[in-house]
Peer 1: 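The structure that follows is given in the form of structure tokens.
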Amino acid sequence: MRTIEHGKRDGFASLGAGGLKQESFPLRLFAKGNAKHWNPADIDFSQDAKDFAAMTDDERWWTCALAAQFLAGEESVTQDLQPFVAAMAAEGRFADEMYLTQFVYEEAKHTQAFRLWFDAVGMTGDLHEYIEFNDAYMEIFTKQLPDSLYALQHDPSPRNQIRASVTYNHIVEGTLALTGYFAWQKVCASRGILPGIQKVIKHIGDDERRHMAWGTFTCRRHVAADDAMFDVVDERMQELMVPAMGVVTATFDRYEGGEPPFGVDISEMAEYAMDKLGRRLGAIESARGADLLAIDVDASPEALEEKFHAEDQLELAG
Ligand SMILES: [Fe+2]
Ligand SMILES: [Fe+2]
């Protein structure tokens, strides 16, 4: 058996018999991503700058806090996915490695998009104050996320991959980012403001559905191979539930007793996050006892994300 582990190559996955298995789930995501390429620099933020200037102080603060959480979050995930790329090579999974290189590139583009927005609305000073008040945010992005991802450098075992994927794909992307996108869409759509951000969110959402589907797929294949891995999924979700909810609620603490700007409803946001998390957990659970070869070509994790998206569109239209 030849190895493609980083620094230890003695062969090439793409030269092996059967080639790259284009029908495998990671390559299916890769092909889809290539077809959906977009350039953050093409987005016009000139109306966003006018809308931002016309906001009340409270609205401006809330908008900056949400955007700064995204900007710092996108930078964090750009960096912290890289150990997972190497872990896929160590496991001999070049199709996953190919997909994850696209995934890292997309996260870098998301970082660029939010930074361009801040520059366009004139917020070029230091922005740390918009995230540092949020202890739960700092706990997740400076500790839980990096700790669980960099653990893969020394030990890319299935257990560590699941802990990394649950933290990254299911909590940070699937709960925090998804809830944040929903908040953006509600604010922008209800007022008809920030058309540039609306475009950014649409493109990023398109990318993120593939990212989360890959996370579900990765957990599914480990759970199918070893049933005990389902407990690891559940355990890691439980560990992160409280800090994840803390990230969402901290932004509202400021408005305790009063109305948060844009009429954003905290219980609606929390309910939204929990519903998606529970249903994705169900998708992972359905892989218990499943055939590994079937999991590798099963597109159901992608179908689930498309279903969530369709539900969001319906909700926002109504
Ligand atoms: Fe992202
Ligand atoms: Fe992502």
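Indexing begins at 1, ligand by ligand and atom by atom, following the structure's order. Keep in mind it's a predicted model, so treat the numbers as computed, not measured.
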Peer 1: Would you say the side chains of D80 and Y150 form a donor-acceptor pair under 3.5 Å?
Peer 2: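 Short answer, yes.
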Peer 1: Tell me whether E106 has at least one N, O or S atom under 2.8 Å from the Fe ion (ligand 2).
Peer 2: no
Peer 1: So which N/O/S atom does E107 have closest to the Fe ion (ligand 1)?
Peer 2: OE1
Peer 1: Just wondering, are more than 12 heavy atoms of other shown residues or ligands nearer than 6.0 Å to CZ in R9?
Peer 2: no
Peer 1: Does E271 CD have over 12 foreign heavy atoms under 6.0 Å away?
Peer 2: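 Open.
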Peer 1: Give the name of the N/O/S atom in H110 that lies closest to the Fe ion (ligand 1).
Peer 2: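 It is ND1, the N, O or S atom of H110 closest to the Fe ion (ligand 1).
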Peer 1: Within 2.8 Å of the Fe ion (ligand 2), is there any N, O or S atom belonging to E74?
Peer 2: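 Under 2.8 Å: E74 has no N, O or S contact with the Fe ion (ligand 2).
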Peer 1: Would you say the side-chain atoms of Q112 and E74 include a donor-acceptor pair closer than 3.5 Å?
Peer 2: no
Peer 1: For the atoms OE2 of E173 and OE1 of E208, give the angle they form at the Fe ion (ligand 2), rounded to 10 degrees.
Peer 2: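 Between OE2 of E173 and OE1 of E208, the angle at the Fe ion (ligand 2) is about 90°.
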Peer 1: May I ask you to check if K32 and F30 form a cation-pi contact, with NZ or CZ under 6.0 angstrom from the six-membered ring centre and within 45° of the axis?
Peer 2: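 K32 over F30 ring: no.
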Peer 1: For H211, what is the atom name of its N, O or S atom nearest to the Fe ion (ligand 2)?
Peer 2: ND1
